[in-house]
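To keep things clear, I will list the structure first and then write my remarks on it.
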Amino acid sequence: MSKEITSRAQDYSQWYNDLVIKGELADYSAVRGCMVIKPYGFALWENMRDAMDKMFKDTGHQNAYFPLFVPKSLFEAEEKNAEGFAKECAIVTHYRLKTDPDKKGKLMVDPEAKLEEELIIRPTSEAIIWNTYKGWIQSYRDLPLLINQWCNVVRWEMRTRLFLRTAEFLWQEGHTAHSTSEEAVAETRQMLDVYADFVENWMAVPVIKGVKTESERFAGAVDTYCIESLMQDGKALQSGTSHFLGQNFAKAFDVKFLNKENQLEHVWATSWGVSTRLVGALVMAHGDDQGLILPPRIAPLQAVIVPIYKGDQQKATVDAKAKEIIKQLKELGIRVKYDNNDNARPGWKFAEYEMKGVPVRITLGARDLENNVAEIARRDTKEKRNVSLDGIAAYVNELLAEIQKNLFDRAKSFRDEHITPADTWNEFEKLLDEKGGFISAHWDGTAETEETIKEKTKATIRCIPLNNPQEDGKCILTGKSSKQRVLFARAY
RNA sequence: CGGGAGGUAGUUCAGCCCGGUAGAAUACGUGGUUUGGGACCACGGGGUCGCAGGUUCGAAUCCUGUCCUCCCGACCA
């Protein structure tokens, strides 16, 4: 028993860490707040990235790459955005080291190599991108400009957690420019839909689409739309954001275009992003006390075959049959691994692949061959059943689809059961403490009330859901009149 | 950035209070027996005790500084 997992009931935080580390998604590093994404974790991210990348391209976007460094003068051009990120920036001030005359074999920053202008390591790329767009946009014919980049960004977080909040993380950021406000808003909403589609249909994590309140809005945005998901401990996780930036950045960076009437106008902008944080969402939405549970559509391995045999002769027979099955599975495009490593015994392998969340395990032994069957175990429900070797690939293929659906349904039931209306303050506090999840409650619409509620309960307004039903009510805190409920939750 | 805990073999940890030159389990290597839920026997390899200073005849152990991790808080995706 080398890899014990802390149970969720015992210590949810530790359980999460155990899954990430022991599931081999990531490792700690020698750099404060930065993690190493291990091959298995990176394969997962690559699958997520590739699926989204295709969706971005299908909606007309192109990839490009902009610099890691942002000159301070550019960074501060859009004031609100700059202020919003100012407290968490890493800054390059020098460009050279030299040997330390006082300490043999050590290096020191060369004081004579100070940069004339500091470089900010991008916490997000609006500044450098809008500075660039200025040169790319002259006429309405240059619009819309639909660009995405996959990159790393740095936000100097005080308290970090694997995948959920690290000082450096991987993400994609889309930055688009449009000739009308309506078109930019439509783009913002379209990308929100793309995110929701991806997270629900590929990651099997249900989301709530909504709009952020002013205090939760992206610095520099007119409106911030988001998808919010719910973790098993009842805390919400912002899983993606899409911003309508109005003309804020166009004005800050002087990006104008000539419209059809030959008049100069500032362009309308959007930006949208999701990050490796999604991996954290995946872990916490589906995992159990045995380890990770990965949805088949993005799992690095969809099936693993574990052979069982006594002696070389049986081994050869089982190997041969396994190879046939693998060929059939691969023909259906299934990502399968054959683990015939003789050093680990079957029981060890079972536990190992459960830890790593592989959706389907196929156990193939001499006994099974006699009966022309294999034992198929599904990770999500842990059910095991013997399945005829005839048509086994098709069976696995269907099972993968079923697991994908079951994971989503299960997470959705949990989520739906954890959206609870509250009409009194007592009820509100009690629900937060005892049940968790989203609390649907009336709010008077002021930032002051939102802040007071946050101070009292640590709950924030996660979003105002799209197509939110309008109803008259009274604010949960102040009793002032309210036209709609909003979703509160404690969040990551 | 504040409070708490921790860092000793690949891993989990003991040793530290009371200073004398490092141990267990597991993992790893070889050989053999095994294989349907984390196998067993035998032999073997492996650690400048996070790092840097200091005290001392002598430091994993005492002191100072520093780095990294975890938990709680403030801040934030």
Side-chain angles (χ1 to χ4, degrees), chain A residues 1-6 11-18 20-22 27-35 84-89 103 105-106 123-124 153-171 173 212 215-219 224 226-229 236-243 272-281 290-291 306-312 314-315 318 339-355 361-371 373-375 377 382 384 386 454-455 458 460 462 491-492:
Chain A
M1 301 281 181
S2 59
K3 287 185 171 180
E4 285 292 333
I5 298 177
T6 308
D11 184 342
Y12 192 86
S13 294
Q14 193 55 49
W15 167 80
Y16 174 79
N17 288 332
D18 284 355
V20 171
I21 298 294
K22 292 172 182 173
D27 209 347
Y28 295 111
S29 76
V31 191
R32 179 202 183 92
C34 296
M35 65 176 178
F85 285 105
K87 283 180 290 181
E88 47 185 349
C89 286
K103 292 179 188 161
K106 302 288 181 190
T124 179
V153 289
V154 168
R155 296 180 187 175
W156 210 262
E157 301 291 348
M158 289 298 136
R159 188 175 167 193
T160 57
R161 299 200 60 188
L162 294 165
F163 286 111
L164 297 174
R165 177 167 295 108
T166 45
E168 179 191 13
F169 57 93
L170 304 183
W171 79 341
E173 46 180 329
K212 288 290 189 189
S215 49
E216 296 277 327
R217 191 180 292 155
F218 176 71
T224 288
C226 63
I227 50 173
E228 293 284 327
S229 47
L237 182 79
Q238 178 175 298
S239 304
T241 49
S242 185
H243 316 289
W272 27 275
V274 298
S275 71
T276 38
R277 183 179 227 203
L278 282 177
V279 175
Q290 275 67 51
V306 177
I308 296 174
Y309 47 81
K310 295 178 185 172
D312 287 347
Q314 279 193 3
K315 182 170 195 241
V318 173
D339 187 352
N340 63 348
N341 175 3
D342 203 33
N343 296 324
R345 303 180 67 215
W348 191 91
K349 292 176 187 173
F350 295 169
E352 182 68 11
Y353 292 109
E354 276 165 15
M355 176 87 72
R361 182 184 74 231
I362 303 168
T363 308
L364 192 64
R367 203 164 75 200
D368 301 309
L369 292 186
E370 282 171 25
N371 300 316
V373 297
E375 181 194 78
K382 302 205 188 68
K384 292 191 267 196
N386 288 325
K454 186 180 174 184
E455 280 169 17
K458 292 177 198 158
T460 50
R462 299 320 302 158
Y492 278 97

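In the text below, chain A, chain B and the rest are named by the order of the sequence lines, each starting its count at 1.
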Presence of A:Arg161 side-chain N/O under 4.0 Å of B:C71 phosphate oxygens OP1/OP2: yes
If pairing means Watson-Crick or G-U wobble with both distances under 3.5 Å, then the partner of B:A9 is none
Please report the distance, rounded to the nearest Å, between CD in A:Gln238 and P in B:C76. 12 Å
May I have the distance from A:Leu364 (atom CG) to B:G36 (atom C1'), rounded to whole angstrom? 12 Å
In whole angstrom, give the distance that lies between atom CD of A:Glu216 and atom C1' of B:C75. 12 Å
Base, sugar-phosphate alone, or nothing: which one does A:Thr166 contact when heavy atoms must sit under 4.0 Å apart? base
Which nucleotide, in any strand shown, forms a Watson-Crick or G-U wobble pair with B:G36, with both distances under 3.5 Å? none
A:Glu375 near the nucleic acid: base, sugar-phosphate alone, or nothing, with a heavy-atom cut-off under 4.0 Å? base
Within the 4.5 Å heavy-atom criterion, are A:Tyr28 and A:Asn17 side-chain neighbours or not? yes
Using modelled atom types only, decide if a donor and an acceptor are shared between the side chain of A:Ser29 and the backbone of A:Cys34 within a distance under 3.5 Å. yes
If pairing means Watson-Crick or G-U wobble with both distances under 3.5 Å, then the partner of B:G19 is none
Pairing nucleotide - B:G73, Watson-Crick or G-U, each distance under 3.5 Å: B:C1
Taking N and O atoms by type only, does the side chain of A:Arg361 place a donor or acceptor under 3.5 Å from a partner on the base of B:G37? yes
The side chain of A:Tyr28 lies closest to which of these nucleotides: B:U35, B:U69, B:G38? B:U69
Tell me the partner of B:A42, counting only Watson-Crick (N1-N3 plus N6-O4 or O6-N4) or G-U wobble (N1-O2 and O6-N3) with both under 3.5 Å; none if nothing fits. B:U30
Taking the minimum atom-to-atom distance to the side chain of A:Glu352, which one of B:C72, B:G38, B:A77 wins? B:G38
Starting at atom CE of A:Met35, determine the distance to atom P of B:U69, rounded to an integer number of angstrom. 12 Å
B:A39 P sits how many Å from A:Asn341 CG, rounded? 13 Å
How close or far is atom P of B:A74 from atom CD of A:Glu455, stated in whole angstroms? 10 Å
Separation of B:G38 atom C1' from A:Ile5 atom CD1, nearest Å, is 12 Å
Could you tell me the separation between the CG atom of A:Asp342 and the P atom of B:G31, rounded to a whole number of Å? 13 Å
With a 3.5 Å limit on both atom pairs, tell me what B:U56 is paired to, counting Watson-Crick and G-U wobble, or say none. none
Classify the side chain of A:Glu354 versus the base of B:G37 as yes if they form a donor-acceptor pair under 3.5 Å and no if they do not. yes
Side chain of A:Phe169, heavy atoms from C-beta onward: which of B:C72, B:A77, B:U34 has the nearest atom to it? B:A77
Does the pair A:Glu354 and A:Arg361 meet the rule for a salt bridge (Lys or Arg N to Asp or Glu O under 4.0 Å), with working shown? CA-CA 9 Å; A:Glu354 276 165 15; A:Arg361 182 184 74 231; 3.2 Å; yes
Nearest nucleotide by nearest heavy atom, which residue falls closer to the 5' end of RNA chain B, A:Gln14 or A:Gly84? A:Gln14
Counting distance only, does the side-chain N/O of A:Ser229 pair as donor-acceptor with the main-chain N or O of A:Leu237 below 3.5 Å? yes
Considering only B:C75, B:G37, B:C1, which nucleotide approaches the side chain of A:Ala351 most closely? B:G37
Under 3.5 Å, is there a donor-acceptor pair between the A:Arg462 and A:Thr460 side chains? yes
Quick check against the 3.5 Å criterion: does A:Arg165 have a side-chain atom that pairs as donor or acceptor with the backbone of A:Thr160? no
